[in-house]
Amino acid sequence: MKKVAIVGSQWGDEGKGKVVNYFSSDYEWIVRFSGGANAGHTIYYKGKKYVNHLLPSIDPGSNSKGFLGAGMVIDLEQLIKELKILENDFPGISSRFYIDMEAFLVLPWHKEEDELIESMRREPIGTTKRGIGPAYTDKVSREGIKLYHIFHEETLKQRLDDIYYLKNNIHNGKIKTNAEETYSYLIKLRKELDELKVNFASAVSMRDVFRSTSVLFEGAQGVLLDLDFGTYPFVTSGSCMAHGVSSVGFSTFELDEVYGVLKAYTTRVGEGPFPTELKDEDGEKIRNLGNEFGATTGRPRRTGWLDLPAMRYAKIRSGLTKIVITKADVLNGFDKVKICTAYDVEGKIKETPETSLDFVLAKPVYEELRGWKDTNDINFLKYLTFIEEKTGIKIEYISYGPKTEEMCTVNDMIMKIK
Ligand code: GDP
Ligand code: IMO
Ligand code: MG
């Protein structure tokens with residue numbers, strides 16, 4: 001039974017939600033395995049826009065089910081908000097979602113800490129302020145709360161007391177919430193989840209279920225935001241690569257394909273290196289035509305030309321096997337498009353960055369290609385062929401609009417070329 005992962009191959013917002021939604025009706029399970037509500041995955045289902053921050057992008061009209069894996073950090077209040085939006089349009093849908101009891105929770109103090117630490121950083125990262133860094137930090141420093149804690153009231157009380165004692169010592173009493181409030185808050189959220197009939201499970205109990213059926217893994221963020229191999233320290237705090245499926249008990253060797261979602265140009269939201277960034281009229285034009293404003297924070301996204309060294313890096317780091325290219329329609333009507341083919345790193349030409357430091361030092365080397373009128377124009381096919389030849393990876397699908405159905409295989413597109 002097919003197991004496929006879909007991950008971002010740039011700095012996030014490549015259109016993963018839309019692509020997952022396109023494939024989702026062919027899979028029994030759609031599994032999110034990392035990140036939290038920093039993600040914003042937009043889908044247009046039957047003409048209506050939904051933005052999933054935590055929920056896997058299942059097809060509401062099929063029988064597919066969603067699983068939130070242990071590698072995630074989950075803000076239960078946000079989760080309930082998303083479930084209620086879906087419940088309104090698809091009553092009963094919450095019972096199609098399962099959450100791993102081992103997942104860590106994002107708690108009120110994490111958002112406070114995210115704000116506080118960002119405000120004190122000399123060089124802010126530009127986080128989404130969704131409490132992601134502090135939640136993963138607590139996980140590593142062993143001060144986290146797992147979902148299962150909220151089902152054992154005595155343990156939960158004790159842990160909250162201990163954690164608040166420590167936090168208040170660290171932050172000199174600056175944390176506004178307290179243990180009692182947070183306890184009542186979590187018990188209230190647990191009751192709401194019960195009322196919605198959400199399921200609680202674990203990768204252990206799901207092991208045989210997942211192996212006997214089809215699973216589509218939905219990555220969050222993108223390779224260049226990965227904690228280990230992204231453009232550190234301007235990264236998120238979790239795994240953004242296909243390897244993250246290990247938190248759901250899978251090995252990447254069990255995956256039939258790892259699709260990298262690649263925007264036809266590049267965007268980044270937040271701070272940090274961005275070799276092909278455009279700070280001119282073309283950049284502004286791409287931002288407006290592509291509606292490049294964050295799905296989570298509404299911030300304008302930084303824009304730039306497509307970056308093939310970054311693509312080659314993503315291919316190696318995340319073991320990508322195929323590409324889905326998105327937002328090609330945004331560049332329709334440009335006379336010429338530039339594409340970065342190599343980096344000049346302190347006088348040395350590199351086709352593939354060797355370390356994430358190379359992104360900081362890189363000066364982009366460009367080639368110019370003719371633009372296309374629409375995605376059925378031969379020049380667009382030449383753009384795709386150029387990318388394939390220069391990166392050694394096949395582009396299998398193209399997305400040419402935000403709606404789920406606005407997608408086809410490259411072969412279908414070739415049949416339509418005028
Ligand atoms: P994700 O985080 O990777 O799921 O991407 P986001 O949802 O944050 O951002 C992608 C944006 O582009 C959303 O507004 C999508 O509706 C939109 N989108 C996705 N694919 C296409 C496409 O092929 N063309 C156009 N014009 N918009 C697209
Ligand atoms: P999706 O899944 C784009 C960025 C933030 C910031 C950095 C760290 O929608 O592609 P964090 O709040 O995670 O500590 O912020 O990472 N970032 C994203 N950028 N898409 C995302 O997710 C992102 N999630 C985090 O803007 O620069
Ligand atoms: Mg997004």
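One-based numbering, in listed order, for ligands and for the atoms of each. Owing to the predicted nature of the structure, the values given are computational and were not obtained by experimental measurement.
- Within Asp13, the N/O/S atom positioned nearest the Mg ion (ligand 3) carries the name OD1.
- The nearest protein atom to atom 12 (O) of ligand 2, hydrogens excluded, is given as Thr128 OG1, 2.6 Å; this is a heavy-atom distance.
- For a threshold of 3.5 Å applied to N or O pairs, the pair formed by Arg130 and ligand 2 contains no separation below that value.
- Judged by the shortest distance from any of its heavy atoms, Gly222 lies outside the 4.0 Å radius around the atoms of ligand 2.
- Aromatic rings of Phe210 and Phe67 (six-membered ring for Trp) have centroids within the 6.0 Å cut-off, being under it.
- Close approach of ligand 2 to Ala39 (heavy-atom distance below 4.0 Å) involves ligand atoms 1 (P), 2 (O), 9 (O), 22 (O).
- Nearest protein neighbour of atom 15 (C) of ligand 1, counting heavy atoms only, is Thr42 CB, 4.0 Å.
- For the residue pair Ser214/Glu28, the side-chain donor-acceptor check at 3.5 Å is not satisfied.
- Taking backbone and side-chain atoms together, Gly40 has an N/O/S atom less than 2.8 Å away from the Mg ion (ligand 3).
- Put simply, part of Asp329 is less than 4.0 Å from ligand 1, judged by heavy atoms.
- Given atom 2 (O) of ligand 1, the protein heavy atom at minimum distance is Gly40 O, 2.8 Å.
- An N or O contact shorter than 3.5 Å is missing between Lys129 and ligand 2 by distance.
- Judged by distance alone, with hydrogens and angles left aside, the side-chain atoms of Asp75 form no donor-acceptor pair with the main-chain N or O of Val106 at under 3.5 Å.
- For ligand 2 and Gly270, the ligand atoms under 4.0 Å from any heavy atom of the residue are 27 (O).
- Seen from the ring of Tyr400, Lys327 does not count as a face-on cation partner, given the 6.0 Å and 45° thresholds.
- For ligand 1, the polar-atom distance check against Asp13 finds a nitrogen or oxygen pair separated by under 3.5 Å.
- For Asp412 (side chain) and Cys408 (main-chain N/O), no donor-acceptor pair under 3.5 Å exists by modelled atom type.
- With a 6.0 Å cutoff to the six-membered ring centre and a 45° limit on the axis angle, Arg190 does not count as a cation-pi contact of Tyr185.
- Remark: the Tyr50 side chain and the Glu82 side chain contain no N/O donor-acceptor pair separated by less than 3.5 Å.
- Under the 6.0 Å distance and 45° angle rule, Arg317 counts as a cation-pi partner of Phe229.
- Seen from the ring of Tyr366, Lys338 counts as a face-on cation partner, given the 6.0 Å and 45° thresholds.
- When only modelled atom types and interatomic distance are considered, Tyr45 and Asp59 share a side-chain donor-acceptor pair under 3.5 Å.
- Taking the six-membered ring wherever Trp is involved, the centroid distance between the rings of Phe250 and Phe33 does not fall below 6.0 Å.
- Of the protein's non-hydrogen atoms, the one nearest atom 17 (N) of ligand 2 is Leu225 CD1, 3.8 Å.
- The shortest contact between atom 15 (O) of ligand 2 and any protein heavy atom is with Thr127 CA, 3.4 Å.
- Of the protein's non-hydrogen atoms, Gly40 N, 2.9 Å is the one closest to atom 9 (O) of ligand 2.
- For ligand 2, the polar-atom distance check against Gly133 finds no nitrogen or oxygen pair separated by under 3.5 Å.
- Residues Gln221 and Asp226 have side chains that never bring a donor and an acceptor to within less than 3.5 angstrom of each other.
- For atom 27 (O) of ligand 2, the nearest protein heavy atom (residue, atom name, distance) is Val269 O, 3.1 Å.
- For ligand 2 and Trp11, the ligand atoms under 4.0 Å from any heavy atom of the residue are 3 (C), 19 (N).
- For ligand 1, the polar-atom distance check finds an N/O of Gly15 within less than 3.5 Å of one of the ligand's N/O atoms.
- Residue contacts with ligand 2 include Val235, since one or more of its heavy atoms lies under 4.0 Å from the ligand.
- Residue contacts with ligand 2: Ser237 is placed with no nitrogen or oxygen under 3.5 Å of a nitrogen or oxygen of the ligand (distance criterion only).
- A donor-acceptor contact closer than 3.5 angstrom links the side chains of His171 and Glu113.
- Of the protein's non-hydrogen atoms, Gly17 N, 2.8 Å is the one closest to atom 4 (O) of ligand 1.
- Under a 4.0 angstrom heavy-atom cut-off, Phe234 registers as lying outside contact with ligand 2.
- Across every non-hydrogen atom of Ala264 and Ala328, the tightest pair is CB-CA, 3.8 Å.
- Residues Ala242 and Leu255 share a closest heavy-atom pair of CB-CD1, 4.4 Å.
- When only interatomic distances are considered, the shortest N/O to N/O separation between Gly401 and ligand 1 falls below 3.5 Å.
- At a 4.0 Å heavy-atom cut-off, ligand 1 touches Lys18 through the side chain alone.
- Of the polar atoms of His41, at least one N or O is found under 3.5 Å from an N or O of ligand 2, judged by distance alone.
- Where the criterion is an N or O separation shorter than 3.5 Å, residue side chain and backbone included, Thr236 meets it with respect to ligand 2.
- When only modelled atom types and interatomic distance are considered, Tyr27 and Ser62 share no side-chain donor-acceptor pair under 3.5 Å.
- When hydrogens are left out, the protein atom nearest atom 11 (C) of ligand 1 is Lys327 NZ, 3.6 Å; that is the closest non-hydrogen contact.
- Taking any N or O of Asp13, backbone or side chain, at least one lies under 3.5 Å from an N or O belonging to ligand 2.
- Of the protein's heavy atoms, Arg301 NH2, 3.5 Å lies nearest to atom 9 (O) of ligand 1.
- The nearest protein atom to atom 23 (O) of ligand 1, hydrogens excluded, is given as Ser399 OG, 2.5 Å; this is a heavy-atom distance.
- Considering only non-hydrogen protein atoms, atom 18 (N) of ligand 1 sits nearest to Pro402 CA, 3.9 Å.
- Nearest heavy atoms, Arg299 versus Thr127: NH1-O, 3.8 Å.
- Distances from atom 1 (P) of ligand 2 to the heavy atoms of Arg299, Glu118, Gln221, Arg268 put Gln221 nearest.
- The proximity of Tyr400 to ligand 1, defined as any non-hydrogen pair under 4.0 Å, is limited to the backbone.
- The closest approach between a heavy atom of Gly126 and any atom of ligand 2 is below 4.0 Å.
- Annotation: Phe334 is not in aromatic contact with Trp372 [ring centroid separation under 6.0 Å not met].
- Inspection of the Thr231 and Trp11 side chains reveals an N or O donor paired with an N or O acceptor under 3.5 Å.
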